[in-house]
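A short worksheet on the structure shown next.
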Amino acid sequence: MEHNVEQKLHQLDNLFNEQENMQSDDLRDHIVSRIYTSSQDLTNKSVAYSNKKVSWLDENLDKILTSKAFGFPIMLLMLGVVIYLTIAGANYPGVVIAEAFATVEDWLTALFQWLQAPDWLYGILIEGFYRGTSWVVSVMLPPMAIFFPMFALLENFGYLPRVAFNLDRFFKKSGAHGKQSLTMAMGFGCNAAAVMSSRIVESPRERMLAILTNNFVPCNGRWPLLILLAGLFMAAGFSGGMNTFISAAVVVGIVLFGVIMTLFVSWALSKTLLRGVPSHYTLELPPYRKPKIWNTIVRATLDKSWFVLKRAVIVAAPASVITWILANIFIADLSILEHVAGFFDPFAQAIGLDGFILMAFILGFPANEIVLPILLMGYLSTGSMIEVDNLNDLKQIFLDHGWTWLTALNMMLFSLLHYPCGTTMLNIWKETKSPKWTFAAFALPTAIAITVTFTIAQIVRGLGLV
Amino acid sequence: MSHTIALAGNPNTGKSTLFNLLTGLKQHTGNWPGKTVVRAEGELKTDNHIYQVIDLPGTYSLYSNSADEEVARDFIIFEKPDITLVVVDATSLDRNLNLALQVFEMTSNAILCINLIDEARRKGIHIDKEELSRQLGIPVILISAREKIGIIQLLKTIDQMIDGKIQTHPFQVQYADEVEQKIHELQPKIQAIFGDSLPSRWLSLRLLDGDKQLLEALKAYIRDPNFVHSQQQLVKGDCCHGA
Amino acid sequence: MIEGKPIYQYQVGDQLQITSIKLKNVMRRRLLDLGFVPGVTIEVVQKSPLGDPVAFKVFHTTIALRKEESSLIYAKKMNREVI
Ligand SMILES: Nc1nc2c(ncn2[C@@H]2O[C@H](COP(=O)(O)OP(=O)(O)OP(=O)(O)O)[C@@H](O)[C@H]2O)c(=O)[nH]1
Ligand SMILES: [Mg+2]
């Protein structure tokens, strides 16, 4: 049997080697062109193209969407409009959901009192678990349930490959692959999924670039943080529509900063660790297709809502329980949470944050969604989260802890730039199978996040702007 | 016993949309080539049979230029699905047939699914499926996975094929005499090694073309005919969430 | 002697017939698979905002290529209507 296998392997090798004289580009050209002539013959006999003129849009949309004059402005406009509508639309349902949660909490509280449940149980279950989950749901759900249907419409329409087409030149200059913009677009949804989607980049070097830089695109766990802080701090002083507009502009700015960072880091890596020239590139631009609008919206909304709910229960719930416990076990007269925050504080202050924020990012490693809830739990001395039915209360909590617009800006930037979440790290490991690169995917963004926030903090303080 | 159906085809031809329709699952779809990167599996029940449906990543060819192409190729060659549905785009049939013809060199259990027929009609493209089917020697079905057109016909054809009621003689591309001569010489030698377990004409051609990656896969196959199965780890839907 | 000039140098709207492909290995294969086969008719359809890449219509599909590749595909201009 063994002998048989060896013999077959040997025979196969011989057969292969004997053909060396045939194996050439000419033969390949011949094979492929024969196949193409055959398929043309076949279609000539069975396919008729009537003279019916396709609609003007089919033929000419690209002349606008990828034109010199309008290509970039339209892209920016689309991004702006999508974010604007997300912020504008999310306010109202957010409040409604939060109020619903608050009502249910009142009932639950009454129930616990009636059962004469012990305080610690009430603390863990209601103040930890229930509030943590409801926080994530009411802050995450509305913007994501608005953003992603719009995104899905653009995706099904066929706009994403045009973005890749427009931006390719920049990626080429950075030594990266044009399809990296497609993986970045996936990153808006979820960096972990985007890391897998980087398989569409065929060459290993450019694929690695796409993987290592993907978290500079904010994912659905980070959008709400950006939106919230932009609204509370960066657009403070404006009200109504103007507030929404400024918030949207700030968020767009943050996204663009992430894109620039992606290009810069890709470029730097191409010159150093991942040296090499851009490899080959081909990109198909499919015809625009009118999406099934209603289907797409319903599907994307349900999908995303389900996703957020699932994350809230799987990750946010245990995290809020742990945080509640840490905040309620006291050593001397400070809780464990406060001890830890105090330990981080000097360093955090240097990068314009504070110990609680940094700790929230660390505890938020499993999922970016929970950074904000953990932070709030930390801030409130009782260790339990506030009810979220009022954003002004929220801002007051931040202000009470010494926040300025610099704190908000740096928190947004740190969120944008810092290490990928746990799930993403896992996928990076699966995709690269390399401890070295997985570590790089962690260390590189973190170093950048620290450098950027440190620099900004020093400059702003140096100039006396805060 | 359930049968396997593989969905192969160029990127962005609606394979995942068809997959979702057949299996009731929710693979992500999107109008850009490369949306699906990991293979997905689902179940289809018809009146008579149960099928395991596999959504393969879209590829432009099966010549091992990239990892995706190897995944698709290995699946068709080594896992030998009972039926390979070649999903093609009705609006660019000539380019799409390129891959279909390659599949026909590898297996004769194939059905040509011409998808996006709604788009083609809108654009004034008329496809004579009887003529095409006659030429290709396999069933040809016009469908729209999104508008749910032609699906019943497709399911019927699948069942008939499994029941042995349809004989296929897939169209084989003819190469230059010199190449055909070589194939002719090689075929018996290939058969001596693999018997009838792998398509010998196709293998001969790939050897002539000097496909090194395939050579490696073949060696692995000789050592362990089940290697593909163990190697192709299934990553099923739920790890994370694309937009 | 190479017939025609690189497809990169033609203008949007030009109908071309591919004469030869000067690329090697994987990239050559990839382009062949996409339909950039000598003898085939293509059309220059769209330049990206920064001039590179350029999109070509080939076999009823639109494929964008960077200058690196499209300057190694040679074609001559045609007068006939493209397929
Ligand atoms: N009009 C129309 N659109 C369709 C049809 N089938 C699919 N589509 C659309 O075509 C696009 C591509 O569909 P997918 O199912 O993602 O294609 P795929 O073959 O899985 O693509 P890859 O995973 O990239 O290989 C989506 O936007 C679908 O909505 C159809 O029959 N008619
Ligand atoms: Mg797919």
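Lettering follows sequence order; numbering is per chain, from 1. Just so it is clear, the values below take in all heavy atoms, side chains as well, and ignore hydrogens, waters and symmetry mates.
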Around B:Asp196, counting heavy atoms of other residues, nucleotides and ligands shown, do more than 12 lie under 6.0 Å from its CG?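 Incorrect, the count does not exceed 12.
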So does B:Lys219 have more than 12 non-hydrogen atoms from other groups sitting under 6.0 Å from NZ?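 Yes, NZ of B:Lys219 has more than 12 neighbouring heavy atoms, counting only those of other groups under 6.0 Å.
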Taking all atoms of both residues into account, what is the closest heavy-atom pair of [X] and [Y], and its distance?
X: B:Thr29; Y: A:Glu155; value: O-OE2, 4.0 Å
X: B:Trp32; Y: A:Pro161; value: CB-CG, 3.5 Å
X: A:Lys45; Y: B:Gln135; value: CD-NE2, 3.1 Å
X: A:Tyr288; Y: B:Glu119; value: O-OE1, 4.4 Å
X: A:Ser38; Y: B:Val173; value: OG-CG1, 3.6 Å
X: A:Leu12; Y: B:Leu215; value: CG-CD1, 3.8 Å

Side chain to side chain contact (heavy atoms under 4.5 Å, CB included) between A:Glu18 and B:Leu207, worked out: CA-CA 9 Å; A:Glu18 280 166 20; B:Leu207 282 196; over 6 Å; no
I need the residue from [options] with the largest number of non-hydrogen atom pairs under 4.5 Å to chain B.
options: A:Leu285, A:Thr296, A:Leu182, A:Val32; answer: A:Leu182
options: A:Lys290, A:Lys179, A:Arg299; answer: A:Arg299
options: A:Leu154, A:Leu283, A:Leu160, A:Leu42; answer: A:Leu42
options: A:Pro287, A:Ser198, A:Ala300; answer: A:Pro287
options: A:Arg289, A:His30, A:Gln11; answer: A:Arg289
options: A:Ile200, A:Leu426, A:Leu9, A:Thr424; answer: A:Leu9

What part of A:Phe157 gets within 4.5 angstrom of chain B, counting heavy atoms only: side chain, backbone, both, or neither?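 Just the backbone, heavy atoms under 4.5 Å.
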Contact origin within A:Glu284 toward chain B - heavy atom pairs under 4.5 Å: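 It is both, since atoms from each part get that close.
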Counting heavy-atom pairs under 4.5 Å to chain A, which of [options] comes out on top?
options: B:Glu105, B:Glu130, B:Gln174, B:Arg95; value: B:Arg95
options: B:Leu205, B:Asn12, B:Leu93, B:Ile193; value: B:Ile193
options: B:Ala90, B:Ser61, B:Ala192, B:Ala176; value: B:Ala176
options: B:Asn31, B:Thr91, B:Leu203, B:Asn98; value: B:Asn31
options: B:Leu218, B:Leu186, B:Asn96; value: B:Leu186
options: B:Lys129, B:Glu147, B:Arg134; value: B:Glu147

Listed partners of A:Phe147 passing ring pair (Phe, Tyr, Trp, His ring centres under 6.0 Å), at least two apart: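 Counting only residues at least two positions away or on another chain, A:Phe147 forms a ring pair (Phe, Tyr, Trp, His ring centres under 6.0 Å) with A:Trp223.
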Yes or no on side chain to side chain contact (heavy atoms under 4.5 Å, CB included) for A:Ile31 and B:Tyr63, after CA distance, side-chain angles and deciding distance? CA-CA 11 Å; A:Ile31 294 176; B:Tyr63 292 147; 3.5 Å; yes
Would you say B:Phe194 and A:Lys8 make side-chain contact, with heavy atoms under 4.5 Å?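 In short, these two side chains do not touch, never coming nearer than 4.5 Å.
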Just how far is it from atom NE2 of A:His10 to atom CD1 of B:Ile222, taken to the nearest 0.5 Å?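 The NE2 atom of A:His10 sits 12.0 Å away from the CD1 atom of B:Ile222.
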Distance, nearest 0.5 Å, that separates CG of A:Asn156 from CZ of B:Arg146: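 Separation between the atoms: 7.5 Å.
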Does any N or O in the side chain of A:Ser46 come within less than 3.5 Å of the main-chain N or O of B:Glu131, such that one atom is a donor and the other an acceptor?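 Between the backbone of B:Glu131 and the side chain of A:Ser46 there is no qualifying donor-acceptor contact (under 3.5 Å).
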Side chain to side chain contact (heavy atoms under 4.5 Å, CB included) between A:Asp303 and B:His28: does it pass, once the steps are laid out? CA-CA 10 Å; A:Asp303 265 19; B:His28 290 283; 3.9 Å; yes
List the steps and the verdict of side chain to side chain contact (heavy atoms under 4.5 Å, CB included) for B:Lys123 and A:Tyr49. CA-CA 8 Å; B:Lys123 292 184 174 169; A:Tyr49 293 86; over 6 Å; no
Going by side chain to side chain contact (heavy atoms under 4.5 Å, CB included), B:Leu97 matches just one of A:Asp41, A:Thr43, A:Ile35. Which one?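 The side chain to side chain contact (heavy atoms under 4.5 Å, CB included) with B:Leu97 is passed solely by A:Thr43 among A:Asp41, A:Thr43, A:Ile35.
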Any salt bridge linking B:Asp118 with A:Lys292? Criterion: basic side-chain nitrogen under 4.0 Å from a carboxylate oxygen.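 So B:Asp118 does not pair with A:Lys292 through a salt bridge.
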